[in-house]
Amino acid sequence: MDEESAEVAKQTEPVDAQDASVDPVKVPEQIINDLKPPLDFVPPKLKRKRKIVKRKLGVSSKTEKTLVRTTRKIQMKRKPALGPVDQIRLDAKYPLIPDFDVGSPLSIDTPDSCAASLVSTDSDFPDSVIGLSDDDSSYDDAEQGNEDSQSSISGYTSMSSVSVTQSRDNLSSSLSEENGQIRQIKPGEEDTRPRRAVVRVSRFSNLPPFIYFPPAEERGADLPQDLAKNMKWKLSTITPLVVREALKSTGFRLIKSKSESKDWMGMWGKHMKSIEFSSLKATQKINHFPGTFQIGRKDRLWRNIRKLEVKFGVNEFGFLPQTYVLPYDLKSLRKAWKKTSSDVPWIIKPPASARGQGIKVIHRWDQLSSARPLVVQEYKNNPYLISGTKFDIRMYVLITSFDPLKIYLYEDGLVRFASMKYSSEMTSLGDNFIHLTNYSINKHCDQYIHNEDAGACKGSKWTLKSLWNYLRNEGADVDELLMRIRDLVIKTVVSGEGVVNRLCNENLKSTYQCYELLGFDILLDTELRPWLLEVNISPSLHSSSSLDVTVKGPLIREVFNLARFHFPSKFNEEKQKEMSKILGIEQEIGSFCMDGRLYSRVLSMGEKEKIEDILLSAESGLRQEWLGSILEDLKPCDIRQLVHYEDEQTQLVNFRKIFPTPESHRYLKYIEYPRYFNLLLDAWENKYSTNRRQGLKLLDSFCCKGIHLEVPQIMSNGATATLEPHSTTSLPIIVDNSC
């Protein structure tokens with residue numbers, strides 16, 4: 001029986017068979033029957049429709065019988081009203097989605113006290129933002145079958161028996177982390193975690209504060225009621241538990257009702273189609289950029305890397321195994337196949353799948369399927385082995401902006417082992433437990449060994465830090481390996497940045513709206529050379545063990561802090577001053593809520609002229625032509641970008657900035673067209689990387705005068721200072737008049 005069938009069977013079991021910790025509650029059968037719709041019930045809309053059809057068209061007896069049968073089918077498909085026993089069963093089965101931050105049990109008679117953090121109980125996911133696909137990109141954080149979902153509930157304390165009259169809100173719980181273990185805080189149990197302010201002021205004057213996401217061992221301090229009720233986060237079908245807990249601890253309300261579906265601040269979900277990003281408000285932030293399927297799909301990734309490999313050589317871009325995209329490269333693959341012997345393995349993958357689905361290792365031509373698109377890749381049969389076992393690395397990469405490009409690499413990650421010893425024999429190619437390292441595959445193997453110790457080099461899953469310690473003890477040059485991995489990551493992101501920037505310009509209203517966490521899967525060969533396997537645009541954040549929690553818990557909080565969320569713009573000036581006073585903010589912040597001018601893409605004429613001049617100088621390819629002049633006369637748009645850049649650096653804990661750096665200017669030649677803000681940050685790093693304090697003082701002097709908030713007004717006819725491309729150079733900003 002597959003997992004889905006088992007889940008359905010479990011839902012149909014009696015209450016007492018599902019969870020021994022939940023006592024069945026006897027409810028009179030008459031009450032349950034009263035809650036169900038009558039068998040002869042016909043929805044009013046269907047009644048009216050039947051009358052209209054019969055009156056206007058004339059209905060024969062045969063047609064009328066068809067309508068009756070259709071009505072009965074609809075009745076059978078209708079779900080009965082949720083009875084008390086069903087509600088208890090639901091709450092017992094899913095006790096881990098907290099509805100509010102529990103300090104003490106809340107009464108259903110005191111709605112005002114919990115209005116700041118209640119989750120809507122409407123189960124609909126109404127608008128297009130939730131259900132959209134991601135342009136068929138690779139992602140491994142799905143609603144079903146995700147990396148760790150099968151055991152994500154097993155490690156938590158189950159709920160005790162509850163009263164029929166107890167509201168669902170009172171069944172809510174909060175989670176705390178103790179020594180790497182997630183522990184559920186039961187209703188009525190005091191949450192002893194220390195409080196931490198969730199407001200963080202900028203290091204610069206006249207900038208609104210940011211929302212701070214405290215670590216798992218702390219929880220956010222209470223916010224004023226008027227402010228807290230507007231902190232809304234839109235749930236999606238794949239929002240992981242670690243994300244929900246980080247949001248709840250900070251004071252967000254998790255919503256999914258139709259009435260509130262358009263009034264939210266952030267969402268963690270699947271990738272949307274690029275055109276759907278245009279429906280987002282300028283104040284809403286989502287965990288994807290439009291167009292990242294350019295590196296998230298295996299076929300697009302190969303095309304983009306291959307294009308740069310042809311231009312700059314295999315020494316620079318030869319980190320992706322030779323790949324053929326079928327059916328387009330069928331002839332080329334056949335030629336390459338004939339040149340090799342029958343004992344050379346190949347690996348086939350669907351172009352847009354994850355979690356090991358559809359992956360096979362083959363060595364015969366007749367094993368290829370022509371029924372669907374495939375990616376056929378050279379199989380690396382010389383992997384670095386630990387205890388005779390193959391493994392790969394999951395590394396986390398955060399991109400906070402594509403223009404300017406800002407890339408951060410997380411210091412920790414996951415090392416995932418195959419369950420059985422590696423063999424290069426052709427007879428072993430069909431055994432996925434030997435050749436594939438995906439957790440979703442190997443967890444079904446009897447020889448899979450769970451590892452709960454994040455610091456131990458044992459079991460079938462390690463932390464990345466444990467691997468580095470192991471390799472150092474083996475005499476490997478880990479620093480050199482990390483340098484090559486950083487090089488691989490930057491070049492991979494650069495390969496798709498052109499399309500992403502174009503789609504951002506076409507579909508985003510401001511520079512505030514997007515950030516993206518990527519999962520890079522990397523294989524090490526016997527010479528410790530890193531090979532890129534794939535990029536996941538929605539890496540799994542589900543956690544089934546304390547090892548997962550150790551890596552993914554701090555990860556998601558730092559991601560949110562680097563993404564820099566502002567408080568919603570819902571209050572007038574007087575109310576904002578009151579909020580600042582209540583929260584004890586003494587620094588001059590200007591506006592307490594988000595100020596859209598900070599993320600405006602509208603250019604003044606002076607900014608346009610400067611950008612054109614710098615890009616003309618950059619066409620020569622000589623860095624010294626613009627390196628000094630670009631910082632001589634900083635414009636408001638320059639100051640805004642530099643302020644955002646420096647503010648992000650204050651939130652770095654386990655992430656490390658890999659682009660831009662004082663040495664990263666060598667990657668600018670790989671970008672198809674010069675982008676002004678990339679040049680700006682390169683010049684800033686070149687001048688102030690060794691004297692940060694001087695640069696910060698300069699920026700703050702501009703901010704004190706409010707220069708960073710100078711944004712040209714849009715005329716009544718929609719005209720603004722529009723940046724036109726010069727020659728063949730694609731300029732970095734396309735003014736969006738809908739701002």
Query - Partner residues of E497 under the salt bridge (Lys or Arg N to Asp or Glu O under 4.0 Å) criterion, sequence neighbours left out - result: R675
Query - Residues Y324 and Q377: side-chain donor-acceptor under 3.5 angstrom - result: no
Query raised in the report: Counting distance only, does the side-chain N/O of S274 pair as donor-acceptor with the main-chain N or O of P290 below 3.5 Å?
Result: no
Query raised in the report: Counting N and O atoms only, with roles assigned by atom type, does the side chain of K465 sit under 3.5 Å from a partner on the main chain of W468, one being a donor and the other an acceptor?
Result: no
Query raised in the report: Is a side-chain donor or acceptor of Q447 paired with a backbone partner of M420 at a separation under 3.5 angstrom?
Result: no
**Report entry** Candidate pair E685 and T661, rule side chain to side chain donor-acceptor pair (under 3.5 Å), full reasoning
**Finding:** CA-CA 6 Å; E685 281 291 328; T661 65; over 6 Å; no
Requested in this report: Check the side chains of S538 and H288 for a donor-acceptor pair under 3.5 angstrom, ignoring hydrogens and angles.
Outcome: yes
Requested in this report: Evaluate the side-chain proximity of I522 to L488: yes if any heavy-atom separation is below 4.5 Å, no if none is.
Outcome: yes
Report task. Could you tell me if the ring centre of W346 sits under 6.0 Å from that of W337? Result -> yes
Query - Note: R306-E309 ion pair, threshold 4.0 Å (strictly below) - result: yes
Requested in this report: Please determine, by modelled atom types, if D521 and N536 share a side-chain donor-acceptor pair under 3.5 angstrom.
Outcome: yes
Report task. Supply the atom-to-atom distance L464 CG to I393 CD1, rounded to the nearest 0.5 angstrom. Result -> 6.0 Å
Requested in this report: Without swapping roles, check the side chain of K491 against the backbone of F317 for a donor-acceptor pair under 3.5 Å.
Outcome: no
Query raised in the report: Are more than 12 heavy atoms from other residues, nucleotides or ligands located less than 6.0 Å from atom CG of N473?
Result: yes
Query raised in the report: Going by an N to O cut-off under 4.0 Å, is there a salt bridge joining R666 and D487?
Result: yes
Query raised in the report: Can you tell me if N438 uses its side chain to pair, donor with acceptor, with the backbone of I441 under 3.5 Å?
Result: no
Query raised in the report: So, T400 side chain and A563 main chain: donor-acceptor pair closer than 3.5 Å or not?
Result: no
Query raised in the report: Do R529 and W531 meet the cation-pi criteria used here (NZ or CZ under 6.0 Å from the six-membered ring centre, within 45° of the axis)?
Result: yes
Query raised in the report: Does a salt bridge link K311 with E672, judged by any charged N lying under 4.0 Å from a carboxylate O?
Result: no
Requested in this report: Evaluate the criterion side chain to side chain donor-acceptor pair (under 3.5 Å) for residue pair N507 and S278; output intermediate values, then yes/no.
Outcome: CA-CA 5 Å; N507 298 289; S278 60; 4.5 Å; no
Report summary line: Output for pair (L532 CG, K298 NZ), nearest 0.5 Å, gives 11.0 Å
Query - Positive for salt bridge (Lys or Arg N to Asp or Glu O under 4.0 Å) with D392, one of R416, K380, K461 - result: R416
Query raised in the report: Going through the checks in order, is the side chain to side chain contact (heavy atoms under 4.5 Å, CB included) test met by F520 and V493?
Result: CA-CA 11 Å; F520 276 66; V493 175; 4.3 Å; yes
Query raised in the report: Taking the six-membered ring where the residue is Trp, are the ring centres of Y379 and H435 under 6.0 Å apart?
Result: yes
Query raised in the report: Roughly how far, to the nearest 0.5 Å, is the CG atom of N678 from the NE2 atom of H665?
Result: 13.5 Å
Requested in this report: For the residue pair W302 and Q322, establish whether any side-chain heavy-atom pair is separated by less than 4.5 Å.
Outcome: yes
Query raised in the report: Is there a side-chain contact between L547 and D453, using heavy atoms and a 4.5 Å cut-off?
Result: no
Report task. State, yes or no, whether a side-chain contact exists between T437 and K390 at a heavy-atom distance under 4.5 Å. Result -> yes
Report task. Hey, could you give me the CZ/NZ distance between F312 and K307, rounded to the nearest 0.5 Å? Result -> 10.5 Å
Query raised in the report: Sub-3.5 Å donor-acceptor pair from the side chain of Q651 to the main-chain atoms of E648, do we have one?
Result: no
Query raised in the report: Which distance, rounded to the nearest 0.5 Å, do you find between the CG of L541 and the CG of D548?
Result: 10.0 Å
Report task. For this output row, return yes or no: ring centroids of W462 and F417 closer than 6.0 angstrom. Result -> yes
**Report entry** Verdict with reasoning, L374 to K349, per side chain to side chain contact (heavy atoms under 4.5 Å, CB included)
**Finding:** CA-CA 6 Å; L374 282 176; K349 311 174 184 179; over 6 Å; no
Query - Test salt bridge (Lys or Arg N to Asp or Glu O under 4.0 Å) applied to E411 - qualifying residues, sequence neighbours left out - result: R656
Query raised in the report: With distance as the sole test, does N287 use its side chain to make a donor-acceptor pair with the main-chain N or O of G269 at under 3.5 Å?
Result: yes
Report task. Output, in order, the C-alpha distance, side-chain angles, deciding distance and verdict of side chain to side chain contact (heavy atoms under 4.5 Å, CB included) for V375 and L326. Result -> CA-CA 6 Å; V375 170; L326 302 186; over 6 Å; no
Requested in this report: May I ask you to check whether T492 and S495 show a side-chain donor-acceptor distance below 3.5 Å?
Outcome: no
Query raised in the report: Are any of the side-chain heavy atoms of L414 and Y396 separated by less than 4.5 Å?
Result: yes
Report task. Kindly say whether P321 contributes a backbone atom to a donor-acceptor pair with the side chain of T323 at under 3.5 angstrom? Result -> yes
Report task. Please confirm whether Y439 and Y448 have ring centers closer than 6.0 angstrom. Result -> yes
Query - Residues D299 and R303 bridged, charged N to O under 4.0 Å - result: no
Query raised in the report: Is the shortest heavy-atom distance from the side chain of L524 to the side chain of P383 under 4.5 Å?
Result: no
Report task. Could you tell me whether the side chain of I347 reaches within less than 4.5 Å of the side chain of I359, counting heavy atoms only? Result -> yes
Query raised in the report: If we ignore angles and hydrogens, is there a donor and acceptor under 3.5 Å between the side chains of E516 and T292?
Result: yes
Requested in this report: Would you mind checking if E474 and R472 are paired as a salt bridge, meaning a charged N to carboxylate O distance below 4.0 Å?
Outcome: no
Query raised in the report: Do L562 and F655 touch side chain to side chain, with heavy atoms closer than 4.5 Å?
Result: yes
Query raised in the report: Hey, is the main chain of E425 close enough, under 3.5 Å, to the side chain of S423 for a donor-acceptor pair?
Result: yes
Query raised in the report: Should we count CG of D446 as having more than 12 external heavy atoms under 6.0 Å?
Result: no
Query raised in the report: Could you give the distance from CD1 (I386) to OH (Y384), rounded to the nearest 0.5 Å?
Result: 6.0 Å
Query raised in the report: Does E527 CD have over 12 foreign heavy atoms under 6.0 Å away?
Result: no
Query - No-hydrogen, no-angle side-chain donor-acceptor test under 3.5 Å, S332 and D329 - result: no
Report task. Could you tell me how the ring of Y667 sits relative to the ring of F659: parallel (under 30°), tilted (30 to 60°) or perpendicular (over 60°)? Result -> perpendicular
Query raised in the report: Have Y408 and E558 got a donor and an acceptor in their side chains that come within less than 3.5 Å?
Result: no
